[in-house]
Amino acid sequence: MAAAAVRDPDSDVLVSAASAWEIAIKARLGKLKAPPDLRDSLREAQLRELPVTLEHGLAVATLPLHHTDLFDRILVAQAQLERLTLVTSDPAMAAYDVALLAAAS
């Protein structure tokens, strides 16, 4: 379902800078493989960058402590403030007041 929505040419798909940060860290630690040209790959897929703003960072402090992962918390804050649907495979994200689209695990 999420994959189809992301591939839909009518969908406006954004990728958080926080996601790129997390991917870079995990790739460096050998926990996942990422293309060396991740930015180019995202642009070719016509995904838009969502910067992390000061407002996003401050909003994290207002979130209930349903989740302790810092990257997930900033993604929730961004989705709430920007009124976006968050694509995730993490069931813990459902505890937040944010629209979700389930991704395959």
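Since the model is a prediction, treat every value here as computed from it, not as a measurement. Just so you know, these numbers use all the heavy atoms, side chains as well, and skip hydrogens, waters and symmetry mates.
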Q | Shared-cluster residues of Leu84, by chain and number - hydrophobic side chains joined below 4.5 Å | A |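 Listed partners: Leu14, Leu50.
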Q.
Running the 4.5 Å side-chain criterion over Ile, Leu, Val, Met, Phe, Trp and Tyr, what cluster does Ile25 land in, apart from itself?
A.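 Trp21, Leu29, Phe71, which link up through side-chain heavy atoms under 4.5 Å apart, make up the rest of the cluster.
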Distance-minimising heavy-atom pair for [X] and [Y]:
X	Y	answer
Val60	Ala77	CG2-CB, 4.0 Å
Ala79	Leu86	CB-CB, 4.2 Å
Tyr96	Leu65	OH-C, 4.2 Å
Pro91	Ser89	CD-O, 3.2 Å

Q: For residues 72-82, pull every pair meeting salt bridge (Lys or Arg N to Asp or Glu O under 4.0 Å), keeping only residues two or more places apart or in separate chains.
A: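 Listed by first then second residue: nothing to list.
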Could you go through residues 31-48 and list every donor-acceptor pair under 3.5 Å that involves a side-chain atom there, pairing it with any protein atom two or more places apart or in another chain?
unit_1, atom_1, unit_2, atom_2, d
Ser41, OG, Asp37, O, 3.3
Arg48, NE, Asp12, OD1, 2.9
Arg48, NH2, Asp12, OD2, 2.7

(Q) Taking ring-ring contact (aromatic ring centres under 6.0 Å, His included) as the cut-off, I'd like each qualifying pair that reaches into residues 31-54, sequence neighbours left out, listed once. (A)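 Sorted result for residues 31-54: empty, none.
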Q) Which pairs count as ring-ring contact (aromatic ring centres under 6.0 Å, His included) when at least one residue sits in residues 30-59, sequence neighbours excluded? A) none
Q) Is it true that atom CD of Glu55 has more than 12 heavy atoms of other residues, nucleotides or ligands lying nearer than 6.0 Å? A) no
Q. Taking only residues two or more places apart in sequence or in another chain, which ones pass side-chain hydrogen bond (donor to acceptor under 3.5 Å, both in side chains) with Asp90?
A. His67
Q | Any residue meeting side-chain hydrogen bond (donor to acceptor under 3.5 Å, both in side chains) with Gln80, in chain and number order, not counting sequence neighbours | A |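 If we apply the side-chain hydrogen bond (donor to acceptor under 3.5 Å, both in side chains) test to Gln80, skipping adjacent residues, there are no hits.
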**Q.** Under the side chain to side chain contact (heavy atoms under 4.5 Å, CB included) test, residues paired with Ser16 that sit two or more places apart
**A.** Ala18, Ser19, Val52, Leu75, Gln78
**Q.** Verdict with reasoning, Thr85 to Leu100, per side chain to side chain contact (heavy atoms under 4.5 Å, CB included)
**A.** CA-CA 5 Å; Thr85 298; Leu100 297 177; 5.7 Å; no
Q. Can you tell me how far CG of Leu81 sits from OG1 of Thr53, rounded to the nearest 0.5 angstrom?
A.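 Thr53 atom OG1 to Leu81 atom CG measures 7.0 Å (nearest 0.5 Å).
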